[in-house]
Amino acid sequence: MPVINPRASDDATAPARPAPVRSSSWAQAAEAADERFGNPATGTNPVIRQVPAAQRPAPEQPVQQPDAGQPAFRRLAPEQPAQQPATPRQPVAPPSSAAPAEEPADLDESDEVQPAESGTVPPPPARATRAGLRAAALSEPAPDFINSPGLFVREQKPRPVGGLRGALYKLTGGSLNLGPSAKQREEDELARRISRQLQGSYNTAVLSLKGGIGKTSTTVGVGLTLAEYRGDPPCAIDANPDSGDLVERALGEGIYQQQTPRTISDLLRNVDSIHSLTALARYMHHAGRLHLIAGEQDPEVSDSLTAEEYLRIRKLISGYYSVALTDCGTGVTHNAMSGILQSADNLIIAAGYAVSGAKRARSTLHWLADHGYEDLARNAVVVITDKDEVSSRVDKDAIEDHLSGICRQLIAVPHDRGVADGDLVTLDALRPETRRAYREIAAAIVDGYV
C-alpha cells in the first residue's frame, strides 16, 4: 500500500510561506513549541498547519512495508519553502490487530512522523512529555547558587573535641566523625551567644551593697571571657569611689605599679582632645584583649567622680567599644551612681552565699525597682560567688530560691582559690567550673543586649 505524502500538492500558485519568527527567549520558544505539538500540562492541542510541499529527489526511494499490526513510519526531509499549497493531511484508520502498537522511538524535533493507515493523528507522546517538562521547569524556581553558595557542598558535621569522640576522630584521621557530644554542643551554644555581632554600644554595671563578695573578680573574669570569644575587644571601667583595684586584679599588682599611672581622672582632664582610639589608648591598660580604665587611687579625689563626668566617659567609650563593663563599687548612692544607672543596659548584682549577702542582693533589687529602675531590676543577672566556702549549715538552695524569683537569671560561681585570694585573676588559673560560670554570665549579658 503506498504511503500518503501530505506535502505533495498539485497547486503551484500558492504564495510562499512567511519565514518563521525567531523567538527572543527560551520561554517564547517553548510556548511556540507547545502551540505546535500540544501541551498536556495546559490542555492545548497541536495545531495542524498546511505545510508547503518540499522538493524531493527523483526517483522516490521505496518505503519498506511494516510488519503486520505495526504502523509504518518514515522520516521526511526537512521543510523547504515551496510555491504550492499543501494538501490537508487525510485521516487513516488504524490497522485492525489484536496486538497493541508499539510507540515509536524518540525522534528529533526536525522530523515528521507519518502514519501508514488512516485514522486520527494523536499528538506524539515523546514531544508532549517534553512540553510538560518545559512547563514544570518554568513554574518551579531555579536554585539560587549565587546567593546560596552552600548548595554546592554538603554540610560538614562539626568536629568533636575531647573525650572518646575526639580520640576516635584523631585516631582515624577524621574519617570517623561521631559529631560533638551534648556537653560540647552546650559549650558551642554559649560561645555563639557570647560572640554575637552587636549593633551599637552597650554597658553593663556590676554593683553590690556589700564589699568583698566577688564584684571586682566577676568584672575581671567576665571581661576576660568576653575578650576571649568576641571579635571586638571589650572595655572595663573602674568607677569605684573607694580606690578600686580593677586593673590590679586584671594585670597583677607588680605589673601595674611598673606602668605609668593613668587613671580615670587623667582621662577626664583630656577627654575633649581625644578623637581617635589611638589617643584613647594612652589612658588605658590592657590585659590581653581586655581594655581597662583604672580608678583613681588618691583617697582625696577618688570620691569626686560625678554623674556628669561618668556620662562624658561613657559617651567617649561608646564610639569605640560595643561592650563595656563598669565596676561600680559598693553601694548605689555615691555621686556617679545616677549616671551609671542612667546609661546601663543591664546589671549584674553580686551576692554571696552568706545570709547577709543574699539579703543585701535582694535589698538592692528592691531599691532599684522603687527608684525608677524597675526594668533594670527585672532583667538583672544575680551572681552568687562562693568566695569563702561557707559551711554546710548554710542552705545554698534556699538562698538561690530566695533570689531567683526577682531577677532574669541567677548564676552561681563555685569556690575557687584563683578568685578567693584577692590577687590576679587569669582564666588559665581558674577551675573549669569557674570558667564555665563566667561563660554563662557573659552569654546572659549579651542576651540582654539583643
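When every heavy atom of L365 is checked against every heavy atom of A380, the shortest pair comes out as CD2-CB, 4.0 Å. Of all the heavy atoms in R230 and I194, the pair that sits closest is NH1-O, 2.8 Å. Among all heavy-atom pairs drawn from I411 and A437, the shortest one is CG2-O, 4.0 Å. Here the closest heavy-atom approach between residue H415 and residue A420 is recorded as CE1-CB, 3.9 Å. The shortest heavy-atom contact between A250 and A287 is O-CB, 3.7 Å. Taking all atoms of both residues into account, the shortest heavy-atom contact from P234 to G223 is CG-O, 3.6 Å.
Here R378 pairs with E374 in a salt bridge; the nearest charged N to carboxylate O distance falls below 4.0 Å. D327 and K215 are joined by a salt bridge, as a carboxylate oxygen and a charged side-chain nitrogen come within less than 4.0 angstrom of each other. With respect to R193 and E440, no salt bridge is recorded, no charged nitrogen being found less than 4.0 Å from a carboxylate O. With salt bridges taken as basic N to acidic carboxylate O contacts below 4.0 Å, one links R312 and D272. Salt bridge E186/R436: present, at least one basic N to carboxylate O contact under 4.0 Å. The existence of a salt bridge linking K396 and D386 is confirmed by a sub-4.0 Å separation between a basic side-chain nitrogen and an acidic carboxylate oxygen.
Test D345, V222, V381 against I445 for side chain to side chain contact (heavy atoms under 4.5 Å, CB included) and you get one pass: V222.
Between the OG1 atom in T263 and the CG atom in D238 there is a gap of 10.0 Å [rounded to 0.5 Å]. One finds the CG atom of L316 at 10.0 Å from the CZ atom of R314 (value rounded to the nearest 0.5 Å). Taking CG of L427 as the start and CG of L224 as the end, the distance is 5.0 Å to the nearest 0.5 Å. Going from atom CZ of R165 over to atom CG of N177 covers 9.5 Å, rounded to the nearest 0.5 Å.
Counting only N and O atoms by type, the side chains of N346 and T204 include a donor and acceptor under 3.5 Å apart. For the residue pair N203/T326, the side-chain donor-acceptor check at 3.5 Å is satisfied.
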For this session: Dump the intermediate steps for salt bridge (charged side-chain N to carboxylate O under 4.0 Å, His left out) on R192 and E187, then the final yes or no.
Result: CA-CA 9 Å; R192 184 197 64 80; E187 293 293 334; over 6 Å; no
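Residues I384 and L410 are in side-chain contact: their nearest non-hydrogen atoms beyond the backbone lie under 4.5 Å apart.
Here the side chain of R289 pairs a donor or acceptor atom with the backbone of G231 at under 3.5 angstrom.
Under the 30°/60° scheme for interplanar angles, the aromatic rings of H291 and H286 are found to stand perpendicular. The aromatic rings of Y202 and Y449 lie parallel to each other, with less than 30° between the two planes, well short of the 60° mark.
Partners of I313 by side-chain contact (heavy atoms from CB on, under 4.5 Å), not counting sequence neighbours, listed by chain and number: I237, I264, L267, L268, I293, I317. In this view, R360 and L209, K210, S356 satisfy the side-chain contact (heavy atoms from CB on, under 4.5 Å) rule, not counting sequence neighbours.
The number of heavy-atom neighbours closer than 6.0 Å to CZ of R431, taken from other residues, nucleotides and ligands shown, is above 12.
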